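Inspection log for the structure reproduced underneath, given as structure tokens.
Note that ligands are numbered from 1 as they come in the structure, with each ligand's atoms numbered from 1 the same way. This structure is a prediction, so every number in the text was calculated from the model and none was measured.
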Amino acid sequence: MRNLTITCPDDCHVHLRDGAVMAAVVGDTARRFARAIVMPNLSPPVVTTAQALKYRERILAALPNTIRFTPLMTLYLTDNTPVEEIAKAKQSGQVFAIKYYPRRATTNSDAGVTDISKVYPVLEAMVEHDLPLSVHGEVSDNADIFDRERLFIDRILEPLLERFRDLRVVFEHISTREAVAFVKSGTDRLAATITPHHLLLNRNALFEGGLQPHHYCHPVIKRETDRRALVEAATSGHPRLFLGTDSAPHARSSKENAFGCAGIYTAHAALELYAEVFEEAGAIDRLEGFAGIYGSAFYGLPRNTDRVTLRKDVWTVPRSLPLGDDVIVPFRAGKACAWRLADG
Ligand code: NCD
Ligand code: ZN
């Protein structure tokens with residue numbers, strides 16, 4: 001197959017940042033996706049609806065009028081989120097999820113929740129207003145870093161779903177076969193996003209030929225058995241598993257650093273990378289559901305009517321891309337990518 005035309009997809013988990021970095025990256029997402037669930041972990045974080053609405057305006061202002069793109073905003077849950085904020089968020093019509101970061105689990109999570117029981121009243125309001133909880137699923141204690149997702153399921157997620165039976169939850173960027181099994185065995189309230197890098201890499205990629213900071217993200221890439229379980233699940237046509245890139249831009253100087261930041265930039269080739277995974281799995285016909293149908297259905301959004309075409313045509317990813325005063329090293333830098341946007 002050389003051309004593939006599908007419903008314009010949505011990215012159900014992306015980091016667009018702000019200011020000059022946002023201006024440099026937002027076009028990559030907007031050229032491929034009709035909508036995106038935009039993560040709130042700016043510094044300082046987006047904790048109120050008023051802040052989210054202003055951030056939304058800045059995103060739209062950074063795009064040329066010729067690009068049609070709808071940012072779907074989120075709020076950053078803290079120990080101090082007022083219960084009343086949930087009604088405001090819902091009524092704004094622009095906030096689609098509340099993001100739960102366990103404190104210090106990942107980049108910009110210092111303001112995250114210390115103990116989930118502190119936000120029970122807020123979660124009750126989310127049930128009442130039918131706003132989903134978007135979850136960074138890693139414990140943030142000293143547990144082995146490769147076990148943090150698995151432990152999060154047992155210690156936090158399972159009891160949470162048990163306690164809040166009507167809360168809708170998106171388990172973000174799942175990275176283990178345990179998470180796959182947990183989501184599959186869950187009810188219609190539980191869904192998960194899967195990134196391109198967790199589908200394409202196993203943890204050897206962190207150390208191949210030397211330490212590879214550009215493959216470091218949270219949750220940390222896991223074993224080959226986990227990767228295979230993720231590919232099998234993503235390409236199986238399961239309606240509660242859908243596309244969320246977790247594209248997370250960091251300047252090269254912050255990645256190639258003694259304290260390299262967590263986050264992988266994939267927005268420059270996001271849909272193309274997923275196409276590669278689905279084709280390799282013999283499931284290219286299932287890309288459309290994963291990329292453009294299941295996510296919007298879970299979030300209760302109308303299906304996009306525009307379509308996008310990918311072409312099978314090998315190209316080389318640039319070694320770096322401009323990022324304000326710095327550069328970013330994109331995923332697959334200097335290496336081949338099998339698909340491209342037909343008009344890209
Ligand atoms: C993300 C970031 O850089 O904001 N980093 C990452 O490793 N994925 C935060 C997140 O989603 O965990
Ligand atoms: Zn993320």
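For ligand 1, the atoms closer than 4.0 angstrom to any heavy atom of G263 are 5 (N), 6 (C), 7 (O). The H218 neighbourhood of ligand 1 comprises atoms 6 (C), 7 (O), 8 (N), 12 (O), with distances under 4.0 Å to a heavy atom of that residue. Residue A248 has at least one heavy-atom neighbour below 4.0 Å for each of these atoms of ligand 1: 1 (C), 2 (C), 3 (O). Shown in contact with C217 at under 4.0 Å from a heavy atom are these atoms of ligand 1, numbered in order with element: 7 (O). Near H173, meaning under 4.0 Å from one of its heavy atoms, ligand 1 places the atoms 11 (O). Heavy-atom contacts of H136 reach the following atoms of ligand 1: 12 (O) (cutoff under 4.0 Å).
For the ligand labelled ligand 1, residue K99 lies outside the 4.0 Å heavy-atom shell. E172 does not count as a contact of ligand 1, since none of its heavy atoms falls under 4.0 Å from the ligand.
Counting heavy atoms from C-beta on, the side chains of C337 and L273 come closer than 4.5 Å. Counting heavy atoms from C-beta on, the side chains of L4 and I6 come closer than 4.5 Å.
With salt bridges taken as basic N to acidic carboxylate O contacts below 4.0 Å, one links R68 and D306. Of the charged side-chain nitrogens involved, at least one lies within less than 4.0 Å of a carboxylate oxygen, so that R155 and D141 count as a salt-bridged pair.
Between N41, T195, V14, N108, it is N41 that holds the heavy atom closest to atom 4 (O) of ligand 1.
Ranking the protein heavy atoms by distance from atom 1 (C) of ligand 1 puts H15 NE2, 3.7 Å first. Closest to atom 9 (C) of ligand 1, if we only count protein heavy atoms, is T106 OG1, 3.4 Å. Residue, atom and distance of the protein heavy atom nearest to atom 5 (N) of ligand 1 are A262 O, 3.1 Å. Among all protein heavy atoms, the one lying closest to atom 8 (N) of ligand 1 is D246 OD2, 2.7 Å.
If you look at H13 next to ligand 1, the close heavy atoms, those under 4.0 Å, all belong to the side chain.
Ring pair Y76/Y100: centre-to-centre distance not below 6.0 Å. Proximity of the aromatic rings of F331 and Y265 is defined here by a centroid distance below 6.0 angstrom, and this criterion is not met. Ring centroids of F33 and F69 are separated by 6.0 Å or more, keeping the two rings apart.
One hydrophobic cluster, built from ILVMFWY side chains closer than 4.5 Å, holds both I221 and V277.
For the 3.5 Å distance criterion, the side chains of D226 and N202 fail to qualify, holding no donor opposite an acceptor. No side-chain N or O of T78 forms a donor-acceptor pair with one of N80 less than 3.5 Å apart.
Heavy-atom contacts from other residues, nucleotides or ligands closer than 6.0 Å to CZ of R103 number more than 12.
For the pair R203 and F146, the cation-pi test (distance below 6.0 Å, angle within 45°) is passed.
Relative ring orientation between H173 and H136 is described as perpendicular, the plane-to-plane angle rising above 60° on a 0-90° scale split at 30° and 60°.
Around the Zn ion (ligand 2), protein N, O or S atoms at less than 2.8 Å comprise H13 NE2, H15 NE2, D246 OD1.
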